[in-house]
Protein chains: 2
Amino acid sequence: MTEVNVRRSAKWELRRQAIIDTSAHVFAQRGFHGTSTAELCEANQVGKGALYYYIGSKEQLLVAIHDRVMDEVMVGADRVANSEGTPPEQLAQLGTELLDVIHRYPDHVWVFLHEFPALTGENAETFRRRRRDYEIRVEDIFEAGQRSGDFRDIDPPMAAKAWLGMHNYTYLWLRPGGRVGVPDLAAQYADIFVRGISAAPSTGAVAMPSPGTASAPPVPPARTGAKKRRQGAA
Amino acid sequence: MTEVNVRRSAKWELRRQAIIDTSAHVFAQRGFHGTSTAELCEANQVGKGALYYYIGSKEQLLVAIHDRVMDEVMVGADRVANSEGTPPEQLAQLGTELLDVIHRYPDHVWVFLHEFPALTGENAETFRRRRRDYEIRVEDIFEAGQRSGDFRDIDPPMAAKAWLGMHNYTYLWLRPGGRVGVPDLAAQYADIFVRGISAAPSTGAVAMPSPGTASAPPVPPARTGAKKRRQGAA
DNA sequence: TCAGCCTTGTACCGATCGGTCAACAATTGA
DNA sequence: TCAATTGTTGACCGATCGGTACAAGGCTGA
C-alpha cells in the first residue's frame, strides 16, 4: 500500500512483469496462501530483497495477476461492444474473445478464478466491481437480443451466469497445444447457446421431472458455535 | 493417515460431522490454506485437543468435506442412471440433482471446487478419479441421446464440460433463500441446453466472426528461471 | 463409590510465515 | 573517472503455522 505512484524505468516494468507471470504459474500450481515468498524467490531465481523490490507485497502481486486478466478480458468486451454484429453474432464473438484469454493466460486465469477471495479491503472491492462490469456486458447482449427478436424470453441475468459458467469452466482444461482450438470450441459453444435461447421455434423443450430429493427444503448443515469472520469473498 | 479403521461411537461420528460442516463454512470464507487450526477451534468452540481428536489432521478434514459433496452428487447421478427417462429427460434430471446439492451444501461445494488442489498424494488421486467418474456419467447421457436421435452430432466430452461448467458455476451465487429456486433454475438451464443440442431443426445457428486477436497464436507468458514443483492439481 | 475410558484445554514444539533492513554490487550519466 | 542511482543479497524479525503431549475433567457401568 506504500509508494503507489513512484515511477520506474521501462526495464523495471519489464522485469516486474516477468516476475508476475512466473509467479502466476506458481500460484496456479500451489495456491496463493499455499505458496511462500521463499518459493516465489526460487521460481524467479532472485533473493527476497529483489522480489520485494519488484512486487511490493504478496497481495500486490496477486492484484497484478488479476489486473492482467481483467484488462485483457475487458478489452475483448469493448471490441465486441463496438462491433456491428447482431446480438447472436456478438455473443459468439464475446465467447471467442473470452476463451482466447483463457487459452493464452491459463495460469493467470486460474489464479483469477480461484484466489480472488484472498484479496482484501479495497482490492477485493475493486475486482468485485470489475467482474460485475463484465457480467453486465453479457447481460446487455441478451437484452439486445430480446429487443431484436433474436432471443426468446429468457432472464438475462440467469442466462448471463449460465453463459459465463460454460465459458469460464474451460480454465480447468483448455490449454495451448491441447486437443481443441479456441475458434472451434468457441463456435461450438456459441452454437449450443444461441440455439438454446433462440426465438426460432424448436421441438427441443423437455417436460421437467421431479427427481429424488430435489424439491426437499434446503438443510443447512448444523453449525455448533460459529462466530462471524470475514474475508473478501462475495 | 494413521489409525484409519478405529471404530468410534455414534456420538463421536455426529460430533465429527458437525465439526466438518462448521469448518466447511470457514474454509469457504477464508480458504483452506488461509484458515489456521486456531480459527477452526474458535469456529467450533473447542480446544486444539478436541479438534484433532475428531479430525485427525487438517487434510483429513478437507477430505471429509470432499466426501460429503462427492457422495451426494454421485447418489443423484445413480438415481438418474436408474431412471427410465429419455436422454433429454435424464439430462434435465441430472441438472436438478446437481443444482440441488449445490443449493443444499453451498459451503461444502465451494470448498470442493476451490480447494481440491490442496489435496495431496493418494487423496488427490482419489478425488481426481471420482470427478472423472461423474464426468463420464454426463458424457454417457450425451452419447445415449445421439444414439436415440434426440441430440445432434456434438462432441460428448466437449458438451459434458460445457454442461458441467454451466451448472457448477452456480456455486458462486446460488443460495438457500435466494431469488431463484432450484427446480425453476434447473428447468431453464435444461431448456437452454437441450434446445442447444437438439437434433430438431433450428434456425439459430450463427456464422462465426473472427474477432480481434482471437486467432493469434498463444503467447505463454515468459518465465525466467522456473523450476518444477508439484501440488495435486490437474 | 470408583476404576477406567472418553473427551478436552493448554502449554509447547520446531518449522515456517510475510516482510524488513543494512550493506554491497552493478550500472549509469556526466 | 566517480558519485549517484539502481538492483540485489541473505541474515534477521516477531508472529504464526500445523501438530503433539499430557494432565485433568466428565461420564459410565459395576
Side-chain angles (χ1 to χ4, degrees), chain A residues 1-4 6-20 22-23 26-27 30-65 115 118-121 123 224-225 229 231-232, chain B residues 1-4 6-20 22-23 26-27 30-65 115 118-121 123 224-225 229 231-232:
Chain A
M1 280 304 166
T2 56
E3 306 284 356
V4 179
V6 278
R7 198 157 284 288
R8 314 312 260 272
S9 70
K11 195 190 295 183
W12 184 90
E13 295 286 356
L14 220 62
R15 184 106 173 81
R16 174 181 150 88
Q17 202 51 249
I19 288 177
I20 289 167
T22 299
S23 303
V26 183
F27 282 158
R30 326 214 349 109
F32 177 74
H33 289 301
T35 304
S36 68
T37 53
E39 286 172 311
L40 294 177
C41 288
E42 195 205 333
N44 286 289
Q45 298 283 44
V46 292
K48 280 206 170 187
L51 182 73
Y52 274 82
Y53 176 64
Y54 289 105
I55 70 168
S57 75
K58 211 182 162 192
E59 177 158 352
Q60 283 177 49
L61 178 54
L62 184 59
V63 167
I65 294 169
E115 310 292 357
L119 294 171
T120 64
N123 291 329
T224 49
R229 190 73 70 95
Q231 200 181 8
Chain B
M1 280 306 166
T2 56
E3 306 283 358
V4 178
V6 279
R7 199 158 283 289
R8 315 310 263 269
S9 70
K11 195 190 295 185
W12 183 91
E13 295 285 357
L14 220 62
R15 184 105 174 82
R16 173 179 152 89
Q17 202 51 248
I19 287 177
I20 290 167
T22 299
S23 302
V26 183
F27 283 159
R30 326 218 343 113
F32 177 73
H33 288 301
T35 305
S36 68
T37 53
E39 286 171 311
L40 294 177
C41 288
E42 195 205 332
N44 286 289
Q45 298 283 44
V46 292
K48 280 203 168 186
L51 182 73
Y52 273 83
Y53 177 63
Y54 289 106
I55 70 168
S57 75
K58 211 182 162 192
E59 177 157 353
Q60 282 178 50
L61 177 54
L62 185 58
V63 167
I65 295 169
E115 309 292 357
L119 294 170
T120 64
N123 291 329
T224 49
R229 190 73 70 95
Q231 200 182 12

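Whole-Å rounding puts the A/Arg16 CZ to D/dG7 C1' distance at 16 Å. One interatomic measurement links the two molecules: CG of B/Leu61 to P of D/dG18, which rounds to 11 Å at whole-angstrom precision. Rounded to whole angstrom, the span from the CG atom of B/Leu40 across to the C1' atom of D/dG19 amounts to 13 Å. One interatomic measurement links the two molecules: CH2 of A/Trp12 to P of D/dT8, which rounds to 12 Å at whole-angstrom precision. Here D/dT8 presents its C1' atom at 14 Å from CD of A/Gln45, a figure rounded to the nearest Å. With rounding to whole Å, B/Leu51 atom CG is found 11 Å from D/dG18 atom P. The nearest whole Å value for the distance from the CD atom in B/Glu42 to the P atom in C/dG9 is 13 Å.
Contacts of A/Ala64 classified as side-chain contact (heavy atoms from CB on, under 4.5 Å), with partners at least two apart in sequence or in another chain: A/Arg16, A/Ile20. The ring-ring contact (aromatic ring centres under 6.0 Å, His included) check on B/Tyr52 picks up nothing, with sequence neighbours excluded. For A/Lys48, the side-chain hydrogen bond (donor to acceptor under 3.5 Å, both in side chains) partners two or more places apart in sequence, or in a different chain, are A/Thr37.
The cationic atom of A/Arg15 (NZ for Lys, CZ for Arg) does not lie both less than 6.0 Å from the six-membered ring centre of A/Tyr53 and within 45° of the ring axis.
Heavy atoms of A/Gly47 sit under 4.0 angstrom from primed sugar atoms or phosphate atoms, though from no base atom.
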Distances for protein N/O vs nucleotides 14-20 of chain C N/O pairs under 3.5 angstrom?
unit_1	atom_1	unit_2	atom_2	d
C/dC17	OP1	A/Ser36	OG	3.4
C/dG18	OP1	A/Thr35	O	3.0
C/dG18	OP1	A/Lys58	NZ	2.5
C/dG18	OP2	A/Thr37	N	2.7
C/dG18	OP2	A/Thr37	OG1	3.4
C/dG18	N7	A/Lys48	NZ	3.2
C/dG19	OP2	A/Tyr52	OH	2.8
C/dG19	OP2	A/Lys58	N	3.0
C/dG19	N7	A/Lys48	NZ	3.0
C/dG19	O6	A/Lys48	NZ	2.7

I'd like a list of close polar pairs between nucleotides 28-30 of chain C and the protein, N/O only, cut-off under 3.5 Å.
unit_1	atom_1	unit_2	atom_2	d
C/dT28	OP1	A/Lys11	NZ	3.3

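Atoms CD and CG, on A/Glu42 and A/Leu51 in that order, are 12.5 Å from each other to the nearest 0.5 Å. A/Glu59 CD to A/Phe32 CZ: the interatomic distance, rounded to the nearest 0.5 Å, is 6.0 Å. Between B/Ile65 atom CD1 and B/Ser23 atom OG the span is 6.5 Å, to the nearest 0.5 Å.
Summarising the geometry of A/Gln60 relative to A/Ile55, their closest heavy-atom pair is CB-O, 3.3 Å, with the distance given to 0.1 Å.
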- Item | Residues B/Tyr54, B/Leu61; criterion side chain to side chain contact (heavy atoms under 4.5 Å, CB included); working and verdict | CA-CA 9 Å; B/Tyr54 289 106; B/Leu61 177 54; over 6 Å; no

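Considering only side-chain N and O atoms, A/Tyr53 lies nowhere under 4.0 angstrom from the phosphate OP1 or OP2 of D/dT9.
Remark: the backbone N or O of A/Ser36 is paired with a side-chain donor or acceptor of A/Glu39 at under 3.5 angstrom. Between the side chain of B/Glu115 and the backbone N or O of B/Leu62, no donor-acceptor pair lies under 3.5 Å.
Rotation axes derived from the C1' atoms of the five outermost pairs at either end of the helix from C/dT1-D/dA30 to C/dA30-D/dT1 lie 10° apart, to the nearest 10°.
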